[in-house]
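Note sheet for the following structure.
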Amino acid sequence: MGTFRQAVLVLRWFRERACVHCLARDAGISQATAYRYLHEGIDVLATQARDLHQALEHCKVEGMSHVVLDGMLIGTDRLAGTVLSVKGQLIDVWYSGKHARFGGNVQFLSSPDGSPLWVGDVEPGSTHDLAARIHALPALYAAAADGLPTLADAGYEGAGIGVHVPVKRPAGKSSEARHADTRTYNALLRGLRALGERAAAELKERWRMLKYVTLSPSRIGDIARAALVLNQQWA
């Protein structure tokens, strides 16, 4: 196959969530060759994605007021492997209790208008969203000090200075128990953050393979970065 037909194979896989066996049959090649072409295409695309520092520098150059940090679960088959939960129970490491399914947790940044900017490495589905501490927070602290704050949901409570999250309702009290200023702050934060959080839906609906990955879960980060590059070229 030439590069054009290989590119078509990779694009069909991302857009149609087509099975590799079907792609190989349509291209007149073996399934093993189709997998090799697919992985080559993913690698070529993923290496073109901006790293976090480049993405934040792009935001500053474009004069953005803030960025939105969130996580998305990319579904996978059930996988072997267990880990102790915070409650001391043995759980499947790739199972997300929040989403009630198996998958990989990927952190991402989006611009104020919801355009995806950056995608991090994959963590097992059982990992809390504060896995962003590893992949994103150090760079986000520096960006916030330079005037580019980060907005996030309540799952990032305790993330640190420069990462703005909603103020939670006191236990056992109604939402009206909070001060009017606090309720207004939360409403404004939700309104600004909602636009940015559409980035996950945009990526998953346009590049349907992100809904359910059947390759090795260790490839999810590269697959998501490849989809990000395709999405930026599409735009």
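Nothing here was measured: the structure is a model prediction, and the numbers come from that model. Every heavy atom of this structure was used, including side-chain atoms; hydrogens, water molecules and symmetry mates were not. The residues of the chain are indexed from 1 along the displayed sequence.
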Please collect all side chain to side chain donor-acceptor pair (under 3.5 Å) contacts where either partner lies in residues 10-21, sequence neighbours excluded, each pair once.
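Every pair satisfying side chain to side chain donor-acceptor pair (under 3.5 Å) with a residue in residues 10-21: Arg12-Glu16, Arg12-Asp26, His21-Gln31.
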What residue pairs, at least two apart or across chains, pass side chain to side chain donor-acceptor pair (under 3.5 Å) with a residue in residues 59-74?
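Sorted pair list: Lys60-Asp146.
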Going hydrophobic residue to hydrophobic residue with side-chain gaps under 4.5 angstrom, can you get from [X] over to [Y]?
X      : Y      : answer
Leu137 : Leu151 : no
Val67  : Val163 : yes
Leu73  : Tyr95  : no
Met1   : Val8   : no
Leu52  : Met64  : yes

Please name the pair of heavy atoms, one in [X] and one in [Y], separated by the smallest distance, quoted to 0.1 Å.
X      : Y      : value
Gly162 : Ala144 : CA-CB, 3.6 Å
Ala224 : Leu210 : CA-CD2, 3.9 Å
Pro116 : Leu228 : CB-CD1, 3.5 Å
Trp118 : Gln107 : CZ3-O, 3.9 Å
Leu69  : Tyr156 : CD2-CE2, 3.7 Å

State whether Asp153 and Arg193 are salt-bridged, where the test is any N-O pair (Lys NZ or Arg NE/NH1/NH2 against Asp/Glu carboxylate O) under 4.0 Å.
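Salt bridge flag = no for Arg193 with Asp153.
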Any side-chain heavy-atom pair from [X] and [Y] closer than 4.5 angstrom?
X      : Y      : value
Tyr185 : His164 : yes
Thr214 : Val20  : no
Asp92  : Leu79  : no
Leu9   : Ile29  : yes
Leu56  : Leu140 : yes
Arg225 : Asp121 : yes
Val122 : Ile74  : no
Glu123 : Ile134 : yes

Find the distance between [atom1] ([X]) and [atom2] ([Y]) and round it off to the nearest 0.5 Å.
X      : Y      : atom1 : atom2 : result
Leu192 : Glu197 : CG    : CD    : 11.0 Å
Ser30  : Arg36  : OG    : CZ    : 8.0 Å
Leu117 : Phe108 : CG    : CZ    : 10.0 Å
Gln48  : Gln232 : CD    : CD    : 10.0 Å
Leu38  : Ile223 : CG    : CD1   : 7.5 Å
Trp94  : Thr76  : CH2   : OG1   : 7.0 Å

Tell me the ring pair (Phe, Tyr, Trp, His ring centres under 6.0 Å) pairs involving residues 39-58, sequence neighbours left out?
none
Residue pairs, two or more places apart or on separate chains, that pass ring pair (Phe, Tyr, Trp, His ring centres under 6.0 Å) and touch residues 202-230
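Found Trp207-Trp234.
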For residues 98-115, which residue pairs qualify under salt bridge (charged side-chain N to carboxylate O under 4.0 Å, His left out), counting only residues two or more places apart or in two chains?
Lys98-Asp129
May I have the step-by-step check of side chain to side chain contact (heavy atoms under 4.5 Å, CB included) for Val10 and Val44, ending in yes or no?
CA-CA 11 Å; Val10 174; Val44 168; over 6 Å; no
Donor-acceptor pair, side chain of Ser110 and main chain of Gly196, under 3.5 angstrom
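Side chain of Ser110 to backbone of Gly196, a donor-acceptor pair under 3.5 Å: yes, one is there.
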Under 3.5 Å, is there a donor-acceptor pair between the side chain of Gln6 and the main chain of Tyr37?
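A pair under 3.5 Å: yes.
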Asp51: partners by salt bridge (Lys or Arg N to Asp or Glu O under 4.0 Å), with sequence neighbours left out:
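By the salt bridge (Lys or Arg N to Asp or Glu O under 4.0 Å) rule, Asp51 matches no residue at all.
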Does the side chain to side chain contact (heavy atoms under 4.5 Å, CB included) test come out yes or no for Val68 and Leu195, once each step is laid out?
CA-CA 9 Å; Val68 177; Leu195 293 173; over 6 Å; no
Go through Leu189 and Val167 one step at a time and tell me if the side chain to side chain contact (heavy atoms under 4.5 Å, CB included) criterion holds.
CA-CA 10 Å; Leu189 186 64; Val167 178; over 6 Å; no
